Amino acid sequence: QVQLVESGGGLVQPGGPLRLSCAASGSIFVVYSMGWYRQAPGKQRELVATITRGGSTTYADSVEGRFTISRDGPKNTIYLQMNSLKPEDTAVYYCNAAVRAYSDPTPTDYWGQGTQVTVSS
């Protein structure tokens with residue numbers, strides 16, 4: 001069993017910063033790529049940023065230059081530093097990880113429970 005636990009969401013004023021964390025734990029053999037997705041009310045879930053095991057990153061155009069994803073490999077933890085936040089960044093942010101568990105040789109996608117980020121004055 002693998003669990004992803006997110007933290008760091010909350011209410012922030014426009015232009016402010018916020019940092020999210022996501023830790024993967026459980027019966028993990030190896031964690032491949034990890035990433036952040038978000039879902040605003042009435043919209044589909046969308047990719048925000050991903051980071052590979054080797055450290056390569058990708059970003060959605062809407063957050064490029066404002067958000068930074070990073071990874072602590074030994075801790076199976078990723079972070080999302082969000083700067084210059086805008087009201088349109090308001091959403092539930094979900095952590096995702098592609099994991100090979102000890103009990104299953106097939107890599108599987110796991111999701112966290114989500115953390116609310118609200119950007120408002």
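Everything numeric here is computed off the predicted structure, so don't read it as measured data. One is the number of the first residue; the rest follow in order along the sequence.
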Could you state the interatomic distance from [atom1] ([X]) to [atom2] ([Y]), rounded to the nearest 0.5 Å?
{"X": "Thr118", "Y": "Leu18", "atom1": "OG1", "atom2": "CG", "answer": "9.5 Å"}
{"X": "Gln3", "Y": "Ile28", "atom1": "CD", "atom2": "CD1", "answer": "8.0 Å"}
{"X": "Ser33", "Y": "Asn96", "atom1": "OG", "atom2": "CG", "answer": "6.5 Å"}
{"X": "Thr115", "Y": "Leu80", "atom1": "OG1", "atom2": "CG", "answer": "11.0 Å"}
{"X": "Ser56", "Y": "Ile51", "atom1": "OG", "atom2": "CD1", "answer": "8.0 Å"}

Considering all heavy atoms of both residues, which atom of [X] and which atom of [Y] are nearest to each other, and what is their separation?
{"X": "Val2", "Y": "Ser27", "value": "CG2-O, 4.3 Å"}
{"X": "Tyr93", "Y": "Val48", "value": "CE2-CG2, 4.2 Å"}
{"X": "Pro17", "Y": "Asn83", "value": "CB-OD1, 3.5 Å"}
{"X": "Val31", "Y": "Ala97", "value": "CG1-CB, 4.4 Å"}

May I ask you to test the [X]-[Y] pair for a side-chain heavy-atom distance under 4.5 Å?
{"X": "Glu6", "Y": "Tyr94", "value": "yes"}
{"X": "Glu46", "Y": "Gln39", "value": "no"}
{"X": "Tyr37", "Y": "Trp111", "value": "yes"}
{"X": "Trp36", "Y": "Ile69", "value": "yes"}
{"X": "Cys95", "Y": "Ile78", "value": "yes"}

Checklist line | Ring-face cation of Arg71 near Tyr79 (centre distance under 6.0 Å, axis angle within 45°) | finding: no
Check: Can Arg100 be said to sit on top of Phe29's aromatic six-ring, NZ or CZ under 6.0 Å from centre and within 45° of the ring axis?
Finding: yes
Checklist line | Sequence-distant partners of Asp89, side-chain hydrogen bond (donor to acceptor under 3.5 Å, both in side chains), two or more places apart | finding: Arg38, Arg66
Tabulate below the donor-acceptor pairs under 3.5 Å that side-chain atoms of residues 7-15 make, not counting sequence neighbours, or state none.
none

Item checked: Neighbour count above 12 (heavy atom, 6.0 Å) for Gln44 CD ->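 Check fails, neighbour count at 12 or below.
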Item checked: Side-chain (Thr77) to main-chain (Lys75) donor-acceptor, under 3.5 angstrom ->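 Yes, because the side chain of Thr77 sits within donor-acceptor range (under 3.5 Å) of the backbone of Lys75.
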Note to self: I'd like to know if the side chain of Thr90 reaches the main chain of Val119, judged simply by a donor and an acceptor atom lying under 3.5 Å from each other, with no hydrogens or angles considered.
What the structure shows: yes
